[in-house]
Amino acid sequence: MTTYLSDAFRQLKPLCDDVAQQPSIKNIQNLKDLVQRLPSSTLQHLQEYTLFPMQLQLNNAKLGSEIKVELINGIRHVVEKTEILHLEQLFKLYVFVFLQIFDPSQPSMVASVSEELKLSVVQCATQVLRSTTANVLEQMYQKENVPKLGQGIYICMQLLETERLRALRLACVDNILVTCQVEDDTDFNDIVFRKQVGDLITLVVPGIIGGLCKVATGDYKVGHLLIQNETRRLVRAKIKKIGTRSGKLPPSLVGWDCEG
């Protein structure tokens, strides 16, 4: 361990211990502040160590929603400054974060928790995908991983259709864009990867299109025109860019029957 890495560890250890023993807002903020100051290359070596106390405390059923929000935001800060280098780590974080708002006893499968907690979960899950390296993403887009990815997509669709907080609904759209690999800065020139993503996403696209059409065509009150514009852009301009053998996903294949 280099001198600089040893120094970073000495700074992190007491703060991680504080969060593990007493997850107060102050202790979590102290850890987040140090994470922001540390170089990304150094934090990468200490990524799992830094994440552990926050993940540990999220298993504490006695914690209130406010503390959970801070813990999840803390995880997001670490992930944002580092990279996800292994498939197992990717799904460990992705599934773990979504489980914070998952409740199989509810008809929607979404727990009755605060909007702030739902927002922090969706933003964190999105950052996990964004911070994943290209070679791990190639491993992720395999048919055996559909149930794990599908869980996140399903929760986002439920939140998009039922929630009224604009930031939360936009975060759900953002998550779907990232999961489908159709963001504006996506590299569409990698034909092999585009086909790989397209083959997987076509398994869940009808549900995505159906939900987004409800928002885009105003089948229920969306609360703000910006949501309609964002989802209309996705439905009409983005989803059809998902790579398939022919390079496009034809509307007929995904049940594209919404208007506007």
Side chains of Thr50 and Thr82 in contact at under 4.5 Å (non-hydrogen atoms): no

I want to check something: taking the side chain as every heavy atom from C-beta on, are Arg76 and Val79 in contact at a cut-off of under 4.5 Å? no

To check you understand the geometry: which heavy-atom pair defines the closest contact between Met140 and Asn145, and what is its length? O-ND2, 2.8 Å

Show the nearest heavy-atom pair for residues Ile67 and Pro23, with the distance to one decimal. CG2-O, 3.2 Å

Output the distance between atom CG (Leu31) and atom NZ (Lys26), rounded to the nearest 0.5 Å. 14.0 Å

Do Gln181 and Leu137 touch side chain to side chain, with heavy atoms closer than 4.5 Å? yes

Within a strict 4.5 Å, meaning less than it, do heavy atoms of the Asp174 and Gln123 side chains meet? no

Heavy atoms, side chains only, cut-off 4.5 Å: are His86 and Lys92 in contact? no

Do you know the tightest heavy-atom contact between Glu138 and Phe193? CG-CD1, 4.0 Å

Looking only at heavy atoms, the pair that brings Arg169 and Glu163 closest together is CD-O, 3.0 Å

Can you see whether Asn73 engages Ser120 through a side-chain donor-acceptor pair at a distance of less than 3.5 angstrom? no

Could you tell me if Asp7 and Gln11 have a donor-acceptor pair between their side chains, going purely by distance under 3.5 Å? yes

Find out if a path of hydrophobic residues (ILVMFWY) with successive side-chain heavy-atom gaps under 4.5 Å connects Leu5 to Phe52. no

Minimum heavy-atom separation for Thr179 to Ile201, with atom names? O-CD1, 3.9 Å

Is there a side-chain contact between Asn30 and Asp18, using heavy atoms and a 4.5 Å cut-off? no

Given side chains that start at C-beta, do those of Leu99 and Val121 come closer than 4.5 Å, heavy atoms only? no

Establish, from distance only, whether the side-chain atoms of Gln158 and Ser108 form a donor-acceptor pair under 3.5 Å. no

What pair of heavy atoms forms the shortest contact from Ala125 to Phe98, and how long is it? CB-CE1, 3.4 Å

No-hydrogen, no-angle side-chain donor-acceptor test under 3.5 Å, Gln29 and Asp33: yes

Whether Arg164 and Glu115 form a salt bridge (side-chain N of Lys/Arg under 4.0 Å from carboxylate O of Asp/Glu) is what I want to check. no

Are the side chains of Gln151 and Met109 in touch, meaning some heavy atoms are under 4.5 Å apart? no

